[in-house]
Amino acid sequence: MPEVKDLKTNDEIAWCPGCGNFGILSAMKKTIARLDRNPKDIVFVSGIGQAAKLPHYIKCNCFNGLHGRALPVAAAVKMANHTLTVLVSTGDGDCYGEGGNHFIHNIRRNIDITVVVHINQVYGLTKGQASPTTDLGYETKLQPEGVILEPLHSLEMAIAVGAGFVARGYALDLEHLSWLILEGIRYKGFAVIDVLQPCVTFNKKNTFDWYSKRVYKINDDSSYNPQDKIAAFQKASEWGDRIPIGIVYKTEKETYEERSGINKRPPLAEEQIENIDIREVLKEFM
Amino acid sequence: MNNELTLKITGEAGQGILTIGSVLCKIFKNAGFYLFANNDYMSRIRGGNNFLQLRISDRPLYTLRRDIDITVALDSKSVNMHKEDVSRDGVIILDKKNFNISEESGMFLDIPMYGMAKEIGNELFVNSIACGFLIEMIGIEFRHVDEILRAAFSDKKEDIIKKNIDAAQAGYDFAKDNFKRDTFKIKKGNAKDTLLITANDAIVLGAIAAGCKFYSAYPMSPSTGIMDLMAHYAKKFHIVVEQAEDEIAAINMAIGASYAGVRSMTGTSGGGFSLMVEGLSLAGMTETPIVIYDGQRPGPATGFPTRTEQGDLAFLLSAGHGEFARVIFSPGTIEEAFYLTIKAFNIAEKFQIPVFIMSDQHLADSYRNIKMFDLNKVKVQRYIISKEDSGGIKDYKRYQFTESGISPRAIPSWINDPIYADSDEHTEEGHITEDAGIRTMMVEKRFSRKMAGLSKEIEKPKAFDVKGADCILIGFGSTYGVLKEAKESIKSRNIGFIHLPQVWPFPATEIIELLQGAKKIIVVENNAGAQLTRLLRQETGIKADKSLLKFDGRPFNLDFLIQHIEQEK
């Protein structure tokens, strides 16, 4: 199994110096090294945005598709070969803006993939416009009077739609984040992990300092039960002076693979297709 | 008489036109007739006016006629709506008392079918009564009715089956006692052992035989039949059929499955394809093979949801931002739809490109009975690095430059190296690049080199009697049948005919050769923009003398076409 250093690619990293994404990249590599899987059996799917570049910097399979469309590709990769570990690296614009519909319906599918959403509360690649998670009143070049749309409460939404694993991490706490992603991958079903990730260039409000003062780990408190949906909902809605990180909600659910039965068969990709006999079904048309 | 009959069953949506239509088709086939049948239905579940038009003969049929010999009207509205289409000696079967019609007419054949149905127990039996009546008029033995009705209602209770057969018998006896003309008794053929099938069915069977294991789509007429039948066979052939949340997801899912090594397909109609366009471009850029079915219907926007048009040709040719290779097949018959679907999967995988199967509502949903497919012609050719060969691969580059533009395609987890696929412009390894030199070579790879290879694998035009013809008809897709029969029917002049089963890459060399010295060229298209006429000129420099266009949402029929061609002296 690989060590962290084996996972490095020669691709030049295109993020700004000091970007929160470096933390996520390190945590991700750490997780993969701990995963006990050969990287050839891991497929990383991404869309477009700064988060979507991440798979290029890790030595495992990657499909870097279209803006907002990582989830349908990832779901289908898993359907085509359920023995693969499928991860998605996406951002708040990619996943909750452009690809919102896919997010909702893949929660319903409950296919066993792990979705890591980089939340920097701003658009990086298009230079500083509001994202679906930008705080109300935040001023940008495009929203000079301040943002007037309410931020999307993504974790509450995920719980409400029926996701079975809902978590939040922080890009500066590598060990905790790596643990969260590992738990997400080990969870059987659709796992969503929002990662607070300061944008050093465009977000002057939600900075490292801002987040570091606020985040606290919920799973250190043994009285918090992530299986309690009502408690989870309350925890997910907490945003202000204190911002919870950790596994917010976790419950066992039947997966797409189990419901469809594809998990009981060899991967579709390995089906022999050279001599498929359709004579019997042609009789239905006689 | 030409030894053929055209029939029409018409009534409201919800009166069971589809069921009686399907029963009649099976009876005719069982009795040995060849048939061509098409449902004309409105985009609603109840009410309105729907009809099934059915042509039968002792020889294979490829299209519909305009004039109807026997019309069965199941409601009063149908009588007025379809009176004008009755042929010279034609009749309308109706129930004057039930429909409150007092008017006398030589074309009316009054049967108290609703009264008879109520006596048997339910008005719904009127379908079976009409069915029995028709069968006797045409001279088919009752045993065929008995056999087919039993099979058609096999999931119903014995009592229901028996009452339907009694109803058919009552209709049959009524015709025997009251209708003694032989006008409609025609000679049977030997079509008993044929397949009764639509092009949509044939495309599903072709896809299954070609190894399609993944179909993702969002329901949209007239492509939904493909997804339904695929789902019907999903378990048997281990196919994942996924109803996507929208067409954007549908095409991205097909691409994801293909990346993972599975032959995959999506299907839709023009409106849904509009949503897929970005995904098409993704398939082009990432060089991921997919097969896309477009069952055309009239647009723009929602258009005529249940009707037909060939208006998407120019759209499919240019859809997707950027330049990349694609293939568009345009089958004209059910047989062609089957074989070209198999070819579509092979070509998509060989060239790692998106391949279209372009159909339309008329071809998709029309029934014909055809000879059994020649399964020896089904060849599945693989163009991936097999699992066995994957072990030895080192320093793999997904987009390695080659003479053909085609890079060896490995499957994730089969090889030890990672596979990077990217929608950004990318290096041979699949990583993002902004390098001008690599860009130029990548465009040549995805576009020019692949197009050069594809031009050697074109499905050739089908040409009939073009040398020395006074007039050459050209068409693509569903017009094949009507053009073929029109060509054969017109005896006053030498008519030639060319059908294009593939419109892109355009078979320019073959067409230039075929049209050399042509006296008159008429392009026949089910659209308003003369899209094939323009494509012909763009690709060959040849200007057609006329475009015969129809864009009322209805297919061409034989009589309409003959009349128009004969006007063109």
Side-chain angles (χ1 to χ4, degrees), chain A residues 9-11 14 38-43 45 47-48 53 55-56 58-66 68-81 83-84 101-102 104-106 108-109 260-262 265 267-282 285-286, chain B residues 193-197 201 205 208-211 213-214 216 233 236-240 242 244-246 248-250 252-264 278-279 281-282 286 372-373 375 378 380 382 387 411-424 429-432:
Chain A
T9 63
N10 296 324
D11 214 30
N38 189 325
K40 78 180 179 66
D41 298 320
I42 301 171
V43 176
V45 182
I48 294 299
K53 293 176 183 169
H56 286 283
I58 299 182
K59 227 179 212 169
C60 55
N61 299 295
C62 146
F63 189 98
N64 181 181
L66 295 170
R69 315 301 167 205
L71 289 180
V73 172
V77 167
K78 187 73 180 177
M79 291 173 189
N81 187 344
T83 65
L84 298 171
N101 199 29
H102 309 308
I104 292 170
H105 293 284
N106 280 294
R108 293 179 53 227
R109 273 191 188 98
S260 66
I262 55 170
R265 293 201 304 260
L268 282 183
E270 290 178 19
E271 292 268 349
Q272 278 302 314
I273 63 166
E274 275 86 349
N275 292 301
I276 293 170
D277 191 352
I278 60 165
R279 271 175 299 187
E280 197 187 315
V281 299
L282 281 171
F285 297 88
M286 290 292 280
Chain B
D193 296 322
T194 48
L195 301 174
L196 181 61
I197 191 169
D201 298 336
L205 295 168
I208 292 171
K213 294 289 171 204
F214 189 90
S216 48
Y233 293 131
K236 186 173 176 66
F237 292 100
H238 300 169
I239 301 166
V240 167
E242 187 65 12
E245 54 271 26
D246 53 35
I248 299 172
N252 277 279
M253 292 183 94
I255 290 169
S258 179
Y259 168 79
V262 170
R263 287 196 166 190
S264 69
E278 193 193 18
S281 187
L282 177 67
T286 56
M372 175 57 86
F373 297 124
L375 297 179
V378 176
V380 173
R382 302 277 0 225
K387 198 169 184 183
I411 303 304
S413 94
W414 292 5
I415 65 166
N416 281 311
D417 287 339
I419 303 169
Y420 293 92
D422 196 355
S423 73
D424 293 86
E429 291 82 3
H431 289 306
I432 302 171

Is it the backbone or the side chain of [X] that comes under 4.5 Å from a heavy atom of chain B, or both, or neither?
| X | value |
| --- | --- |
| A:Leu282 | both |
| A:Val43 | side chain |
| A:Asn10 | neither |
| A:Ile48 | side chain |
| A:Thr83 | neither |
| A:Pro267 | neither |
| A:Leu268 | both |
| A:Asn101 | both |
| A:Arg69 | both |

Looking at [atom1] of [X] and [atom2] of [Y], how far apart are the two atoms once the value is rounded to the nearest 0.5 Å?
| X | Y | atom1 | atom2 | value |
| --- | --- | --- | --- | --- |
| A:Met286 | B:Thr194 | CE | OG1 | 7.0 Å |
| B:Leu205 | A:Ile276 | CG | CD1 | 12.0 Å |
| A:Asn81 | B:Trp414 | CG | CH2 | 8.5 Å |
| A:His102 | B:Glu245 | NE2 | CD | 6.0 Å |
| B:Leu196 | A:Phe285 | CG | CZ | 9.0 Å |

- So which of B:Asp201, B:Ile255, B:Ile411 has the largest heavy-atom pair count under 4.5 angstrom toward chain A?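 Most heavy-atom pairs under 4.5 Å with chain A: B:Asp201.
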
- Go through B:Glu278, B:Glu429, B:Met372 and name the one with the most non-hydrogen pairs under 4.5 angstrom from chain A.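 Looking at each option in turn, the highest pair count goes to B:Glu278.
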
Taking all atoms of both residues into account, what is the closest heavy-atom pair of [X] and [Y], and its distance?
| X | Y | value |
| --- | --- | --- |
| A:Ala75 | B:Met253 | CB-CE, 4.3 Å |
| A:Ala76 | B:Phe214 | CB-CZ, 3.8 Å |
| B:Pro412 | A:Leu84 | O-CD2, 4.5 Å |

Among [options], who wins on heavy-atom pairs under 4.5 Å with chain B?
| options | value |
| --- | --- |
| A:Glu270, A:Arg108, A:Lys53, A:Arg279 | A:Glu270 |
| A:Gly47, A:Gly65, A:Gly68, A:Ala70 | A:Gly65 |
| A:Leu66, A:Asp41, A:Val281 | A:Leu66 |
| A:Ala14, A:Gly261, A:Ala80 | A:Ala80 |
| A:Ile278, A:Asn61, A:Leu71, A:Val73 | A:Asn61 |

- Short side-chain to backbone donor-acceptor contact, A:Lys40 and B:Asn416, under 3.5 Å: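 Not at all, since once roles are kept as given, no pair shorter than 3.5 Å links the two residues.
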
- Message: With a 6.0 Å cut-off (strictly less than), is the heavy-atom count around CD of A:Glu274, excluding the residue itself, greater than 12?
- Response: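 Yes.
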
- Considering only NZ, NE, NH1 and NH2 on the basic side and carboxylate oxygens on the acidic side, decide whether B:Arg263 and A:Glu271 come within less than 4.0 Å.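 Salt bridge flag = no for A:Glu271 with B:Arg263.
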
- Pair A:Arg109 + B:Glu242, salt bridge at N-O below 4.0 Å: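 Yes, charged N to carboxylate O under 4.0 Å.
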
Measuring heavy-atom distances to chain A, does [X] have an atom under 4.5 Å in its side chain, in its backbone, in both, or in neither?
| X | result |
| --- | --- |
| B:Thr286 | side chain |
| B:Leu375 | side chain |
| B:Ala210 | backbone |
| B:Lys387 | side chain |

- Message: Going by the rule ring-ring contact (aromatic ring centres under 6.0 Å, His included), which residues pair with B:His431 if we only count those two or more places apart in sequence or in a different chain?
- Response: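 Only A:His56, B:Tyr420 meet the ring-ring contact (aromatic ring centres under 6.0 Å, His included) criterion with B:His431.
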
- So among B:Leu282, B:Ile419, B:Asp422, which one has a side chain to side chain contact (heavy atoms under 4.5 Å, CB included) with A:Phe63?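 The option that passes is B:Leu282.
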
- Message: Checking B:Asp246 against A:His105 for the side chain to side chain contact (heavy atoms under 4.5 Å, CB included) test, could you report, in this order, the C-alpha distance in whole Å, the side-chain angles of both residues, the deciding distance, and whether it holds?
- Response: CA-CA 10 Å; B:Asp246 53 35; A:His105 293 284; over 6 Å; no

